[in-house]
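Working notes, structure below.
Scope of the values below: all heavy atoms of this structure, side chains included, with no hydrogens, waters or symmetry mates. In this chain, residues are counted from 1 in sequence order.
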Amino acid sequence: MKQVKAHWKVLAAALALVLWAAWYSRPVDIYGLGIGELEIVDVWVEYNEPGQGTEIAWCASTKPGDSRWPSVLAELEALRFRRLPGNLFQELSSSSADRPSLDWAAVLQLTDRAGRCMRLQIGAGKPCYTSLHTGRYLSMSLPGGEEAAQSLAERFRFLLASDGG
């Protein structure tokens with residue numbers, strides 16, 4: 001009888017882990033990643049040239065009150081990300097998690113009213129975001145892969161350049 005109870009405990013723990021992983025990896029918006037009410041959105045596109053470093057192709061910023069703010073905020077709030085369950089182990093590990101090196105990336109730096117800052121790096125098939133708890137880069141996926149990331153970068157560039165940004 002004790003052996004049966006032990007198996008049920010292991011099965012219950014495994015089921016709890018599977019349910020947590022399913023919940024954690026569900027599609028979330030930017031607020032689901034932990035950021036609060038946005039105060040500033042900085043966006044830039046950068047290219048990584050082997051042997052030459054990173055070059056920023058263009059950048060822009062917007063905040064509440066700007067004419068571009070409603071469009072940029074609507075675009076951000078429409079995004080959906082899937083976090084990878086392994087992120088928890090990345091956050092808890094003692095090794096440093098460096099920013100992934102990509103050929104190109106659209107980088108969105110979101111600052112909320114509490115002054116907390118999170119970066120979303122989207123491009124070349126390896127999207128990631130910075131944890132608000134540890135500052136480490138954590139993996140995520142964006143539906144549509146690299147094509148969706150390129151389209152997103154172009155939409156932000158259009159939105160932010162529309163008023164001379």
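Here the CZ-OG distance, from R82 to S141, works out to 6.5 Å after rounding to the nearest 0.5 Å. F81 contributes atom CZ, which lies 13.5 Å from atom OG of S139 (distance to the nearest 0.5 angstrom). Put simply, OG on S71 and CG on D66 are 11.0 Å apart, with the number rounded to the nearest 0.5 Å. The line from OG1 of T130 to CZ of R136 is 12.5 Å long, rounded to the nearest 0.5 Å. The distance from the CD1 atom of I35 to the CG atom of L76 is 10.5 Å, given to the nearest 0.5 Å.
Between D42 and L108, every side-chain heavy-atom pair lies at or beyond the 4.5 Å cut-off. Put simply, the side chain of L33 reaches to within 4.5 Å of the side chain of M118, judged on heavy atoms. Between L110 and I30 the shortest side-chain heavy-atom distance falls below 4.5 Å. The shortest side-chain heavy-atom distance between R83 and L138 does not fall under the 4.5 Å cut-off. Side-chain contact between Y137 and S131 is absent, with no heavy-atom pair separated by less than 4.5 Å. By the 4.5 Å heavy-atom criterion applied to side chains, C117 and Q109 are counted as neighbours. Within the 4.5 Å cutoff, the side chain of T111 has no heavy atoms near those of the L38 side chain.
I40 and Y129 end up in different hydrophobic clusters when Ile, Leu, Val, Met, Phe, Trp and Tyr side chains are linked at under 4.5 Å. By the rule that hydrophobic residues join a cluster once side-chain heavy atoms approach within less than 4.5 Å of another member, W23 and V28 end up as members of one cluster.
A donor-acceptor contact shorter than 3.5 Å is absent between the side chain of R116 and the backbone of R113. Judged purely by atom type and a 3.5 angstrom limit, D112 uses its side chain to pair as donor or acceptor with the backbone of A114.
Side-chain contact, Y31 with E37: no donor N or O sits under 3.5 Å from an acceptor N or O.
Paired with M140 under the rule side-chain contact (heavy atoms from CB on, under 4.5 Å), one option of L120, N87, L84 passes, and it is L120.
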- Message: Does K63 form a salt bridge (Lys or Arg N to Asp or Glu O under 4.0 Å) with E39? I'd like the steps, not just the answer.
- Response: CA-CA 6 Å; K63 57 186 175 181; E39 180 69 23; over 6 Å; no
